[in-house]
Amino acid sequence: MNYSYFPGCSLKGLGRAYEESLLPVMRHLGVTMTELPDWNCCGATAYMSVDERQASILAARNLAIAEKLGGHDLVTPCSACYLVLNKTKHYLRETPSMRADVQEALGRAHLSYHGETKVRHPLDVLVNDVGLDAIREKVVRPLTGLKVAPYYGCQLVRPYSTFDDAWNPTSMDRLMTTLGAEVVHFPLKTKCCGASLTGTVPEAGLRLTYILLREAVRRRADVISTICPLCQFNLDAYHGQIERRWGKVRVATVYFTQLMGLAFGLSPAELGLNRNFIPMAPLANAARPAEAPTS
Amino acid sequence: MTGDNHGELRIGYYICHCGHNIAGVIDCAEVARRMALMPGVIVSRDYKYMCSEPGQELLRQDIRAQGLNRVVVASCSPLLHEHTFRSAIEDAGLNPYHFQMVNIREHASWVHTDGVAATEKAADLSRAAILRVRHHRALETVRVPINPAVLIVGGGIAGIHAALTLANAGKQVFLVEREPSIGGHMAKFDKTFPTLDCAACILTPKMSAVRAHEGITLWTYSEVAKVDGYVGNYTVTVRRRPRYVNEDLCIGCQECISACVYREAKFPDEFNLGLGRRKPVYIPFPQAVPQVVVIDPERCLELKTGRCKKTCVEACADRGAIDFTQTETLETIQVGTIIVATGFKLFDAKRIPQYGYGLYPNVVTSLELERLVTSSGPTGGEIRLRDGSVPKSVGFILCVGSRDVRTNRWCSRTCCMHSMKLAQLMREHTGADVTVFYIDIRAPGKGCEEFYDRSLKEGIQFVRGRVAEVTDWALAPEEEGKLVIRVEDTLAAFVRRIPVDMIVLAVGMEPQVDAQAVRRLFNMSCGTEGWFLEKHPKLAPVSTFTDGVFIAGCCQGPKDIPDSIAQAGAAAAEAMALIDRGYIEQEPNTARVLDDCCGCKSCLPLCPYNAITFDEASRKAVINAALCKGCGTCAGSCPSGSITQNLFDDDEVFSEIEGLLHA
Amino acid sequence: MSILQTGADKPTTAPAPSPPRSGFAQSEVPLPPRESRLRAPPEPAMKIKRTIKYESDRVKGFCEEIMRIPGCDQLQACIQCGTCSGICPLSIYMDYTPRRVIALVRADFKNEVLRSHTVWLCASCYACTVECPRQIRITDIMYGLKQRAIKEGIYPRHFPIPVLAQEFSKMVLRKGRITETLLVMRLFLKANWRAVLGSWRLGFGLIRTGRFVLRSERIERQDELRSMLAADDRGRKPKEKP
Amino acid sequence: MNAAQPSPAVPHTWSPRIVAFFCNWCTYTAADLAGVSRMKYAPSVRVVRLMCSGRLDPQFILDALAHGADGVLIGGCHPGDCHYADGNTKMLRRFRMLRRLLAQLGYDELRVRLEWISAAEGDRVRAVVNEMTEQIRALGPLNLPGRFAEWDLELSRAETEPRTATTSAKEVSHAQT
Amino acid sequence: MPRPKVAFYWCASCGGCEETVVDLAEDILGVVEKVEIAFWPVALDFKKADVERLPDGALAASFINGAIRTGEQEEMARLLRRKSLLVFAYGACAQLGGIPALANQYSREEILSFVYEEAPTVDNPSRTRPAVVSRDNGVDLHLPAFHGQVRPLCQVIDVDYTIPGCPPTPNLTREAVAALLEGRLPPKGTVLAPDTALCESCPRKDSKPSDLSFTRFRRPHQVLADSALCLLAQGIVCMGPATRGGCGAQCIAGNMPCTGCFGPTSRVRDQGAKMLSSLCANLASREVEEIDAVLDGLPDPVGTLYRYGLAGGLLRRRIDTSANT
């Protein structure tokens with residue numbers, strides 16, 4: 001199976017652990033992902049607020065490059081990128097005027113966009129293309145006894161995603177069960193983590209994070225599994241401030257790919273687990289404990 | 001050629017202002033001026049309301065005074081007033097078919113804003129009609145006798161009322177109901193708004209009256225399988241499912257039920273929406289009509305395995321009503337008219353997961369609550385949470401599945417009142433705090449606003465806002481272990497979290513799942529939403545586009561009990577009007593084979609009614625006018641132009657086309 | 001990484017009145033328990049404010065302008081049911097709930113809308129868009145409003161989010177990619193350098209976990225990207241101009 | 001002159017003339033519904049009511065074109081919904097052949113259009129008429145009567161005048177055109 | 001008493017029509033004694049001048065066959081019209097345009113360039129083309145103008161009667177002449193043939209099924225047709241149902257389908273459209289794809305449905321090729 005790969009800025013920065021776990025896991029399953037040559041920032045939510053034309057051009061450039069690369073689906077792990085790319089596709093289809101603007105701009109760099117490339121999320125690819133059976137076969141160290149709160153966040157399932165339900169997605173739930181983990185009923189699975197506000201309006205942004213963590217703890221989750229670098233950072237990095245405001249709600253937040261890696265028998269370090277602020281407790285049946293963060 | 005007109009053509013042209021409806025856009029005087037110049041036009045007038053009595057009188061006078069022999073009226077849609085004008089000119093001694101109508105309202109003034117263009121269009125259409133009418137031939141209206149028997153499909157309150165009305169008028173009625181008992185949704189209600197009188201008390205007498213009436217043949221557990229024929233003479237095939245009990249022998253003593261090898265009633269009972277339990281042999285509900293038990297082949301040991309002690313048969317020994325050999329049977333009946341009253345389906349609350357129906361046990365639908373409130377219900381009228389305790393706080397969520405483009409766009413009309421009724425009953429039974437979450441309270445109709453007023457005075461809280469979500473996670477101590485409603489209180493203009501013990505979803509009405517199939521069966525139309533389409537939203541609310549087929553009750557759109565009954569009465573009256581006249585007049589727009597037919601037989605396979613046959617004597621095709629429905633397909637297909645259709649002759653259509661494009 | 005000094009960092013038991021610079025209510029998370037919350041916060045001296053609106057307060061054509069933005073055409077279908085506000089995780093901080101913003105836009109109250117905090121608090125979680133029974137793309141309307149606010153420069157002063165948005169786009173324009181840590185540092189300097197001290201712990205943590213990237217990410221064909229983004233009137237719609 | 005492009009003579013204000021053949025039960029009723037709901041659409045269409053699209057003799061369509069229609073719109077019940085069982089299917093079959101015939105004779109396929117529109121789809125009538133009007137406006141006038149006249153210019157006007165040098169001169173001028 | 005003068009002339013035609021006149025065989029003598037043939041270029045040595053010399057209306061009748069394609073044909077048609085009391089359009093080409101009218105699918109330019117330049121058998125390096133006027137040592141040489149399209153006679157001059165067929169049968173001709181001589185002609189404009197379609201007189205009429213339904217079409221060269229069974233029943237397009245009778249169903253006798261040369265009945269304006277209507281309404285398929293698949297069996301709709309009737313039909317010619325260049 002071949003895919004084009006759009007990492008997005010976060011996976012090169014705060015979210016590098018995501019890439020560190022995603023790529024080996026994909027390799028392990030025989031999925032090849034070719035990084036988009038000279039990709040650029042998707043524009044995220046911030047750019048949309050400034051200029052919709054430029055924002056759509058940013059996204060369209062990546063799509064155009066992907067098309068140039070040849071028909072493969074474009075996989076992007078970051079929810080924001082996933083949303084922005086899909087949204088741009090959607091609007092370019094819907095609004096001829098915008099399509100004209102964009103084509104004209106792309107033309108200046110001898111690129112053009114035809115709207116053929118599908119934009120996919122790794123979760124979609126893993127569950128629907130690779131398939132749970134193929135994954136089950138690779139599991140050497142089942143996550144037995146591990147209570148996982150599956151957290152999808154907002155932009156993966158809303159509003160343009162088609163591979164799972166916007167209100168009650170279950171892909172990750174099924175994936176986790178396949179890995180042998182125990183999935184806790186987590187009604188907040190698609191609630192916003194407030195990422196875009198934690199930095200700027202803490203008591204608004206952090207509160208959302210706090211409620212997520214608190215509910216995970218109340219439901220006895222050992223770990224929260226995320227699919228988005230911003231969510232992960234948010235749920236992982238602010239425990240200090242949250243404690244000072246509302247009290248202690250300690251629970252580790254990791255990428256679903258990291259949990260897959262563990263189940264496949266890869267070492268915590270090579271999965272970037274050492275990058276967590278709140279380390280994940282060693283697995284019950286783990287040969288090696290997840291290393292305490294070094295340096 | 002000028003049809004069968006003796007001497008010269010004398011055409012009268014009339015264009016109607018329809019008040020401002022037409023004259024507001026189209027320059028009627030100008031059109032009249034232009035038409036006056038056309039050959040054969042003797043009179044050309046514009047007039048305020050042609051359909052009014054003076055308007056019609058104008059026609060009659062001109063016909064008499066000016067000796068007109070053709071008339072063209074440009075006004076509204078022929079589907080609306082063609083008949084009016086035809087009879088008007090008939091009164092004046094003209095053949096009604098020497099008339100042509102031009103639709104310049106629905107097809108011009110109402111759909112165009114550009115007055116000049118609309119006027120041009122009106123002129124073109126009028127010119128076409130004037131050229132066309134020259135070819136019109138005098139025709140005789142065809143009269144077809146009507147079979148006085150009526151078929152009523154659906155035994156809800158609408159069907160029941162229509163059946164009784166007709167039967168009381170001495171008509172023979174066949175009432176066909178899919179369920180084992182008639183009664184429909186109303187039978188499941190406890191009380192009815194706004195009067196709060198007991199639903200059973202007013203419905204049960206009508207149900208037994210149906211059973212008792214010698215004029216009514218009641219077939220429950222049955223469905224219409226096939227409909228042939230046309231108004232006045234329908235042949236209907238009814239499929240009767242086996243209930244494994246002989247209806248004539250069973251007296252509803254229910255000995256068999258208590259005797260059943262299943263000691264416990266363990267199967268979810270449909271009538272109580274699965275809130276109660278029943279045995280394989282059961283009677284849907286105490287007041288069921290007919291009072292005849294049913295055996296569920298999916299559950300019955302004997303029918304499934306054939307190895308049962310058949311204690312039920314022993315219990316029924318003296319009557320021997322139980323008959324495991326029963327099979328599906330087909331009955332064929334002849335009727336003249338049909339009333340379709342197939343009712344509605346409740347919206348499936350699971351389609352809105354935000355409200356947690358099916359996830360949280362204490363989220364129930366309004367109809368489920370009805371069953372809980374009824375003394376004859378599974379809890380004997382006790383409202384209980386799943387843990388057996390009495391709810392202290394209850395939230396009613398309105399517009400569940402209604403007024404939502406993602407589910408059903410329409411307002412289901414009854415949920416506001418229905419919920420207020422249930423809210424009052426809730427207060428009465430449990431004294432719980434009740435909050436009603438609404439978008440807009442719609443309480444039209446007699447006594448309804450007063451009922452709203454009463455609800456307010458009873459201390460029921462009303463919060464204006466569509467509930468965003470129902471969750472089970474608490475942020476505040478008082479929310480622990482409760483269902484939490486998150487909603488914007490749009491009048492107070494802030495967001496609230498409201499913990500409650502129980503949530504009632506006012507699920508809306510939607511068309512029956514098989515509405516499309518039923519529509520095809522009776523050759524009706526459906527609106528975009530899937531409700532059966534009435535012939536005219538105002539002037540013909542219970543008629544359909546198929547003559548002799550009428551609709552009543554919620555299959556036509558959401559409505560409450562009084563409206564359903566009113567409509568049922570109207571449908572019955574319409575049917576009676578046809579029956580008592582004894583015949584129906586059919587448009588003489590049938591097809592005819594000319595003598596020049598070469599007998600190539602190409603047309604024979606084209607007729608859906610087998611009205612065309614090959615006459616061995618003359619070696620030509622012949623059309624049986626009685627069977628011909630006037631679609632004209634054969635006329636359109638005859639390779640040598642030897643078939644023509646009355647009112648749609650080639651010459652008539654060709655000259656119409658020429659008129660449209662002339663100039 | 002707090003940039004706004006709202007005092008919300010203080011324990012909620014002794015709530016402080018919101019400082020004038022931001023109109024925020026304090027966090028309404030109702031823990032710890034009831035009693036403490038029963039103690040009413042000290043009332044500020046009573047000020048009265050006239051809220052009547054005159055026709056002259058409306059900016060005719062504003063609604064139509066917004067409706068011309070792709071995705072905002074459904075605006076007029078709103079039935080004011082409040083689902084958007086109800087589902088919005090941040091409406092509790094907004095001076096106007098999303099539903100009211102729609103109402104204001106529809107009535108051409110341009111200034112009220114563009115000055116409000118609401119649009120800047122939208123976290124683009126799209127819950128409202130998905131939940132709206134009229135399928136109004138509220139999130140996209142919020143974007144449209146943000147753009148106009150920035151164009152007209154009438155977003156709330158000292159408010160970090162617009163700054164962030166602009167810094168973000170500048171960085172993309174310069175480098176083609178975002179280096180979060182650098183972006184955040186620029187933001188501190190722009191908005192509130194004191195905040196840097198506030199969040200040294202986090203910064204240190206990032207360094208420790210090797211996530212504090214200082215080498216800025218950039219793309220190769222930056223000139224190409226810049227030429228694409230360069231404003232160009234060919235094919236631009238009049239809607240772009242207010 | 002080419003049917004595909006509007007001749008330069010065509011003014012911008014030109015509006016096509018479309019003859020529509022609507023079946024009585026579905027599409028005609030839908031058009032009435034459009035009126036009752038006061039939908040607005042281009043005043044280009046002139047409706048001929050037939051009981052069923054099955055009555056629609058292809059001659060009517062060609063005749064409409066020959067008399068100067070720029071386009072012809074055919075409206076019938078959705079498949080399976082025909083008031084007369086399947087008259088609409090019969091029309092569909094004719095229509096598929098008619099397309100081929102007209103294509104062979106150089107007509108743009110947009111000029112003759114078949115639509116299934118149920119009694120409830122007033123809005124569909126509006127949409128279809130507007131769309132078709134724009135498409136045909138783009139194609140330009142068909143104006144067969146005009147073309148027939150134009151083609152006949154090559155015939156000698158003079159019915160009775162005896163043959164002279166002037167006529168042969170006319171011949172020359174023809175050859176040059 | 002002088003015998004009435006009649007003229008025979010051919011325009012764009014194959015000459016078959018002239019043959020039928022000859023086919024009257026010895027009957028021709030009967031005709032000849034009753035009429036004086038004033039003009040018949042094919043058989044007798046007359047000159048145009050002879051006709052021009054006649055006073056207008058001097059001819060009792062002219063029988064003109066062939067369609068009008070050239071200036072000369074037009075000129076002669078007008079001349080004969082002027083000199084005749086009655087004009088008979090004789091044969092399919094004069095009536096409907098006939099086979100030559102199939103050329104109305106091409107522009108004059110397309111035809112000339114093919115015939116004088118592209119046709120495989122042509123060797124014309126200098127691309128010489130006939131010109132209406134060409135100068136040859138000081139003399140203007142005139143050639144008839146080649147019109148942009150083929151026209152039936154009635155589109156050029158006023159026609160009184162039509163004798164259909166490709167060619168008309170001797171019987172019809174005999175009948176027409178007899179009617180003319182005995183002064184029992186029907187109203188002007190009449191087509192002098194039965195107004196009932198061919199099937200009535202078709203020897204295979206009884207084998208025509210009453211549940212005709214086409215699942216595929218086959219063209220005559222593709223099958224060996226059953227010589228007893230209705231050809232339509234065999235999926236072969238026979239224009240019989242849409243075509244006037246009166247030909248004696250000779251093609252059917254030759255086990256070939258009717259191609260429609262007698263034209264439509266008086267009740268039909270466009271033979272091809274009518275045949276199309278009947279043919280297609282009786283297809284078996286309901287789905288667009290299936291329908292199209294069946295119709296693929298008729299690759300040349302114009303050639304099939306308008307073998308003779310294109311110029312005389314409602315649309316007259318192909319439209320997008322410009323007519324007069």
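The chains referred to below are lettered A, B, ... by the order of the sequence lines, with proteins before strands, and numbering in each begins at 1.
Of the atoms belonging to D:Arg94, it is side-chain heavy atoms, and not backbone ones, that fall under 4.5 Å from chain B. Looking at D:Ala66, there are no atoms closer than 4.5 Å to chain B (heavy atoms on both sides), in backbone or side chain. For a residue to count as touching a neighbouring chain, one of its non-hydrogen atoms must lie under 4.5 Å from one of that chain's; by this rule D:Lys40 touches chain B with backbone and side chain alike. For D:Leu33, no part lies near chain B; criterion is any non-hydrogen pair under 4.5 Å. Interface remark: D:Pro145 contributes no atoms to any contact with chain B (heavy atom separation under 4.5 Å). For D:Val19, the part lying under 4.5 angstrom from a heavy atom of chain B is the side chain only. Interface residue B:Asn21: only side-chain heavy atoms are found under 4.5 Å from chain D. Both the backbone and the side chain of B:Leu660 come within less than 4.5 Å of a heavy atom in chain D. Contacts between B:Leu606 and chain D at a heavy-atom distance below 4.5 Å involve backbone atoms as well as side-chain atoms. Residue contact with chain B, scored on non-hydrogen atoms closer than 4.5 Å, is absent for D:Val129. If you measure heavy-atom distances from B:Asn589 to chain D, the contacts under 4.5 Å come from the side chain alone.
Taking the centre of each ring, D:His83 and D:Trp25 come in below the 6.0 Å mark.
For the set B:Ala591, B:Ala118, B:Ser637, the count of heavy-atom pairs under 4.5 angstrom toward chain D peaks at B:Ser637. For the set B:Ala108, B:Gly527, B:Ser77, the count of heavy-atom pairs under 4.5 angstrom toward chain D peaks at B:Ser77. In terms of heavy-atom pairs under 4.5 Å with chain B, the best-connected choice from D:Asp123, D:Asp86, D:Thr29 is D:Thr29. When D:Arg126, D:Met91, D:Glu121, D:Arg49 are compared by the number of non-hydrogen pairs under 4.5 Å with chain B, D:Arg49 comes out ahead. Of the listed residues B:Cys634, B:Gly630, B:Gly641, the one with more heavy-atom pairs under 4.5 angstrom with chain D than any other is B:Gly630. By number of non-hydrogen pairs under 4.5 angstrom with chain B, the leading residue of D:Pro43, D:Ala42, D:Cys26 is D:Pro43. In terms of heavy-atom pairs under 4.5 angstrom with chain D, the leader among B:Thr528, B:Leu79, B:Leu125 is B:Leu79. Heavy-atom pairs under 4.5 Å with chain D were tallied for B:Thr546, B:Asn103, B:Leu647; the largest tally goes to B:Asn103. Comparing B:Glu120, B:Glu587, B:His112 by how many heavy-atom pairs each has under 4.5 Å with chain D, the most go to B:His112.
Aromatic ring pairs are classed by plane angle as parallel below 30°, tilted from 30° to 60° and perpendicular above 60°; the pair D:Phe60 and D:Phe21 is parallel.
A donor and an acceptor atom, one from each side chain of D:Ser44 and D:Thr133, are located under 3.5 Å apart.
Note that B:Arg86 lies outside the cation-pi zone of B:Phe99, set by a 6.0 Å cut-off to the ring centre and a 45° limit from the axis. Note that B:Lys629 lies outside the cation-pi zone of D:Tyr84, set by a 6.0 Å cut-off to the ring centre and a 45° limit from the axis. Figure legend: cation-pi geometry between B:Arg132 and B:Phe648, with NZ or CZ positioned under 6.0 Å from the six-membered ring centre and within 45° of its axis.
Atom NE2 of D:His78 has more than 12 neighbouring heavy atoms from other residues, nucleotides or ligands inside a 6.0 Å radius. Dense packing is recorded around CZ of B:Arg520, with more than 12 heavy atoms of other residues, nucleotides or ligands lying under 6.0 Å away.
At a threshold of 4.5 Å between non-hydrogen side-chain atoms, the residues D:Cys52 and D:Cys82 count as touching. Side-chain atoms of D:Trp116 and D:Asn88, non-hydrogen and from C-beta on, do get closer than 4.5 Å to each other. For the pair B:Met101/B:Ser75, a side-chain contact is recorded, criterion being any heavy-atom separation below 4.5 Å from C-beta on.
The pair D:Glu115-D:Arg113 meets the salt-bridge criterion, since a charged nitrogen lies less than 4.0 angstrom from a carboxylate oxygen.
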